[in-house]
Amino acid sequence: MQWETVIGLEIHAQLATRSKIFSGSATAFGAEPNTQASLIDLGMPGTLPVLNEETVRMAVRFGLAIEAEIGHTNVFARKNYFYPDLPKGYQTSQMDKPIVGKGHLDITLEDGTLKRIGITRAHLEEDAGKSLHEDFHGMTGIDLNRAGTPLLEIVSEPDIRSAKEAVAYVKAIHALVRYLGICDGNMAEGSLRCDCNVSVRPRGQEAFGTRAEIKNVNSFRFIEKAINHEIQRQIELIEDGGKVIQETRLYDPNKDETRSMRGKEEANDYRYFPCPDLLPVVLEDGFVERLRETLPELPNQKRERFQSQYGLSAYDASVLSASREMAEYFEAVFEVCGDAKLAANWVMGELSSLLNKEGLEIERSPVSAEQLGGLIRRIQDNTISGKIAKMVFEALAADEGASADAIIERKGLKQVTDTGAIESMLDEMLAANAAQVEQYRAADEAKRAKMFGFFVGQAMKASKGKANPGQVNELLKKKLEG
Amino acid sequence: MHRLTLAQIARGLAAKEFSSVELSEALLARIAELDPGLNSFITVTAEQALEQARAADARRAAGESGALLGAPIAHKDLFCTKGVRTSCASKILDDFIAPYDATVVERLAAAGCVSLGKLNMDEFAMGSASESSHYGPVRNPWNTECVPGGSSGGSAAAVAARLVPAATGSDTGGSIRQPAALTNLTGLKPTYGRVSRWGMIAYASSLDQGGPLARSAEDCALLLSAMAGFDPKDSTCVDQPVDDYLAALHRPLAGLRIGLPREYFGAGLDPRLSDAVMACVEELKKLGATVKEIGLPSMQHAIPAYYVIAPAEASSNLSRFDGVRFGYRCENPQSLEDLYKRSRGEGFGAEVKRRIMVGTYALSAGYYDAYYLKAQKIRRLIRSDFIGAFQEVDLILGPTTPNPAWKLGEKGDDPVAAYLEDIYTITANLAGIPGLSMPAGFVDGLPVGVQLLAPYFQESRLLNVAHQYQQATDWHQRAPEGY
């Protein structure tokens, strides 16, 4: 049977505020346990929440960026359940009236085509603390530093059809929240976490299959692996005559498998009701409109502009617009060199592999956009060849000079374009290879073509790569034919 | 000295007739002597009180003045007091030392009040008799066989017995007004949002409101002036200027339009109380008020609505008492579930458990619409009843309670009978309007209270009417025998 996968994602993006959603405690990652937990975060009797206005601004900006309906009156609700790292015995979240309603986001598939993914809603809520099971001799430690950290939970429609699409969608959300400056996107620190709802159905069937939810997957790679594993598990289960049950599963990256956490029958009745300690949040039109004016150019707008303004391919444009920093770097290189194609090739080629190798983000690139632009200019005006350019790039990366020009000058890498100098160099080289010259002249057309490369190589070697390759070709041909 | 009202104390301290230390010492001695028979205090903070009294005397010596500077009070034991046990009269918080002060506590301390200790109450403010306390029941100084009302019964008993001139209380369904009525005091529940709830351990967040209990309207005005006002730490606290309550006391009542809701005088009301209320109405007429009958038809649904909303909120508010971070933890928990079940099972009393279960049920999937949402609709109807009535009258008047104080243990095994005692008071909480109870006579030697209700933020009107009535009558000045 042919199976179709249906995926919906819930992404929790930690909002990059300085303080928590309902208290003044700091939100910085990695502090000593319970040093960033105030009376409110500890759920002390008598304490009350006060909403951090910045979280409202961030959520609205996200809503505007996905062209969503904004919840002009949105309401916080309590989600009641007991857990040791949930200090109040309820999570303050939003249920019936979220701050962001229906919206959508376009993702670029591998073949460069666009697909629109519906976003059901996005709502504000507080994070829980952490339970620590190591080092407590059979007991559990509770760290409430994270309790009360603001989260935006972004819920997609079940529009995603493969693990690859899911990854593309998460990457698009990741890029978007970083463009908006509302989340640092650091998945290793849990700033962006993903719950994947996965089901399969026979191709052509309209009704959804029973879904399983994989909780808290925290890297692009794991999202793809976890979903693919889950799809496989469900198909095998059904084909063996079994049934998928609605449950929560956990992905174990070490074993590359998902396993059951709890079933539907163990699911909590969360007893949602409007939080009586917080008033409904009423957004005035002026507030929303002022935020609309603060929106930066968004990834998809940038991608379209890169295609139309610079003539880049859909693929190149989407890679270069994937992060604000990458896009800014690319445009800065273009500013200096004026050649978008070369700039794109260098940024996506040499620069990206250098950054990958060094494990660096583009904003900490050892080669600045200014330096790379200057280097490309010297390729354009024939000062150096492409091959020498790579040497210069490596020298720039190793901080051997302030600019391409300085390195070319100091290392004497300037291309030789003086015809007389090249001719005498060629004469010397041909004299030293007299036997080969004779063979060449005796050979037929096909053989000559092969042997010509040998002479070019010898010539470039003799000039230490500096001779202009075009001139070398032209003069060499004349001399050999002549 | 214990017979002095707050207003008299203010004059005495200003005239240097006595010091705050002298006054506090006298009252502390009186508490030590008389409170064992009443059980109105859970914690007496004698040492800290004398320290505060010395500080107040020093401030006065340095030239500072202020009506409450050096005035002794005491707090209901659900207001957090830094460094002092704050128990909510529950075993689950028996060892809880609050790490911070409630805004009410902080404001009264800033005004110079000396806190003598923490007052007994119904566990988590759930009750109308102050019998559900982990620390034992409170007795009514008017008849120690009787309950003082609740949940602020410790506050009421202590003030009525002249152990302290005034006290703080909280009112979720009548918990200030009803005990005030049963002990011959003046007690005020302010408009929801008038007094900060920061640091007041929540029972039902959308109904809870702190306020004063004292022996006169004037004293309530003094205390409320210091308690009321905007607090950025409480999102439901309203940013609106606080009236000059003392200045408002002296307005004449000529032209005052009083409404008597017919629903307040129906079956269930002890006719002797009805007579006392009507005598009060006659007195107010003499002072220039006009009276008309009005209707508050949605009141008949108030008790069921209240007993859905309050327990629903309570079931969530009390989830934090889980034995994990503070409060009571059971011995040797075998698992997480065991920790929760036994800590809560052993830590909470019967009435608290009953309300948690009722509230949990009302919020459950499949029942939410039928109970919680329906109750919220009734709440809106009750509110619009009042808004409509206040188009016609300035003030609504009726009995505070259907009966005078009852015997300890009398309603112990019938929670619904006890819930019905709240019939006249809970509508003000559901609507959020202010209400005041004032002494208006006696039945069989037990006090009768009259309740006044006013539009939002018109506490000054309530205090004004009560004060004018108290200028013309002396019910409020009567003390229980032996106190």
Side-chain angles (χ1 to χ4, degrees), chain A residues 21-24 34 37-53 75-92 95-96 128-129 131 133 138-144 147 266-281, chain B residues 78-80 86-88 92-93 96 98-103 124 193 196-202 204-208 231-237 309 312-313 315-327 336-337 339-340 344 359-368 372-373 376:
Chain A
I21 183 167
F22 299 123
S23 83
N34 299 311
S38 69
L39 296 172
I40 295 169
D41 309 321
L42 294 170
M44 277 289 166
T47 58
L48 297 168
V50 175
L51 178 61
N52 179 344
E53 192 180 326
V75 174
F76 283 95
R78 292 184 182 176
K79 179 180 180 179
N80 294 284
Y81 67 97
F82 285 98
Y83 205 69
D85 58 24
L86 187 72
K88 298 186 297 294
Y90 56 82
Q91 179 192 28
T92 308
M95 184 58 181
D96 289 338
S131 295
H133 300 292
M139 294 175 67
T140 298
I142 310 288
D143 177 7
L144 294 174
E266 295 162 67
N268 282 307
D269 177 357
Y270 291 121
R271 291 171 284 124
Y272 278 99
F273 75 108
C275 179
D277 288 330
L278 291 161
L279 302 170
V281 181
Chain B
L78 51 52
F79 289 100
C80 284
T86 300
S87 73
C88 260
I92 214 160
L93 286 179
F96 179 66
Y100 72 107
D101 276 334
T103 296
F124 281 102
S196 169
R197 294 187 297 115
W198 172 261
M200 190 174 90
I201 298 178
S205 311
S206 75
L207 301 161
D208 293 344
D231 179 6
K233 294 205 282 281
D234 174 1
S235 308
T236 62
C237 195
I309 292 169
E313 292 181 6
S315 72
S316 175
N317 284 335
L318 269 57
S319 294
R320 68 188 63 199
F321 305 106
D322 57 5
V324 173
R325 295 166 314 287
F326 44 72
L336 184 57
E337 195 172 311
L339 168 76
Y340 287 149
R344 290 168 65 80
T360 302
Y361 179 80
L363 290 176
S364 297
Y367 299 100
Y368 179 83
Y372 186 81
L373 275 190
Q376 292 292 5

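These figures come from a predicted structure and were not determined experimentally. Each chain gets a letter, A, B and so on, in the order its sequence line appears, and its residues count up from 1. All values below were derived from every heavy atom in this structure, side-chain atoms included, with hydrogens, water molecules and symmetry-related copies excluded.
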Side chain B/Ser235, main chain A/Pro49, donor-acceptor under 3.5 Å:
yes

Indicate yes or no for a side-chain donor-acceptor contact from A/Asp269 to the backbone of B/Ser364 under 3.5 Å, with no hydrogens or angles considered.
no

For B/Ala102, is it the side chain, the backbone, both or neither that has a heavy atom under 4.5 Å from a heavy atom of chain A?
neither

Which atoms of A/Tyr272 are under 4.5 Å from chain B, going by heavy atoms: the side chain, the backbone, both sets, or neither?
backbone

Can you tell me how the ring of A/Phe82 sits relative to the ring of B/Tyr340, calling it parallel under 30°, perpendicular over 60° and tilted otherwise?
tilted

Minimum heavy-atom separation for B/Cys80 to A/Pro45, with atom names?
SG-O, 3.7 Å

Give the intermediate values and the outcome of side-chain contact (heavy atoms from CB on, under 4.5 Å) for residues B/Asn317 and A/Arg78.
CA-CA 10 Å; B/Asn317 284 335; A/Arg78 292 184 182 176; 2.8 Å; yes

Is B/Thr86 close to chain A through its backbone or its side chain, or both, or neither, when contacts mean heavy atoms under 4.5 Å?
neither

Contact origin within B/Phe321 toward chain A - heavy atom pairs under 4.5 Å
side chain

Top contributor to chain A interface from B/Val324, B/Thr360, B/Leu78, B/Leu207 [non-hydrogen pairs under 4.5 Å]
B/Thr360

Of the backbone (N, CA, C, O) and the side chain (C-beta and beyond), which part of B/Ala312 lies under 4.5 Å from a heavy atom of chain A, both, or neither?
backbone

Tell me, for A/Asn80 versus chain B, whether the close heavy atoms (under 4.5 Å) come from the side chain, the backbone, both or neither.
side chain

Heavy-atom check, side chain of B/Leu336 versus side chain of A/Pro84, under 4.5 Å:
yes

For B/Tyr367, which atoms come within 4.5 Å of any heavy atom of chain A: side chain, backbone, both, or neither?
neither

Closest heavy-atom pair, A/Leu42 versus B/Phe326, reported as atoms and distance to 0.1 Å, is O-CE2, 3.9 Å

Strictly distance-based, threshold 3.5 Å: is any side-chain N or O of B/Arg320 a donor or acceptor partner for the main-chain N or O of A/Met44?
yes

Give a yes or no answer on whether the side chain of B/Tyr368 reaches the backbone of A/Phe273 with a donor-acceptor pair at less than 3.5 Å.
no

Closest non-hydrogen contact found for B/Arg197 with A/Asp277 is NH2-OD1, 3.0 Å

Taking every heavy atom of B/Ser319 against every heavy atom of A/Gly89, the minimum-distance pair comes out as CB-CA, 3.7 Å

Closest non-hydrogen contact found for A/Tyr90 with B/Ser316 is CD2-OG, 3.2 Å

Under the 3.5 angstrom rule, does the side chain of B/Arg325 hit a backbone N or O of A/Gly43 as a donor-acceptor pair?
no

I need the B/Asp234 CG to A/Thr47 OG1 distance, nearest 0.5 Å.
11.5 Å

Worked verdict on B/Thr236 versus A/Leu279 for side-chain contact (heavy atoms from CB on, under 4.5 Å)
CA-CA 7 Å; B/Thr236 62; A/Leu279 302 170; 4.2 Å; yes

Side-chain touch B/Tyr372/A/Pro274, heavy atoms, less than 4.5 angstrom
yes

Relative to chain A, which of B/Ala202, B/Ser206, B/Ser315, B/Gly199 shows the most heavy atom pairs under 4.5 Å?
B/Gly199

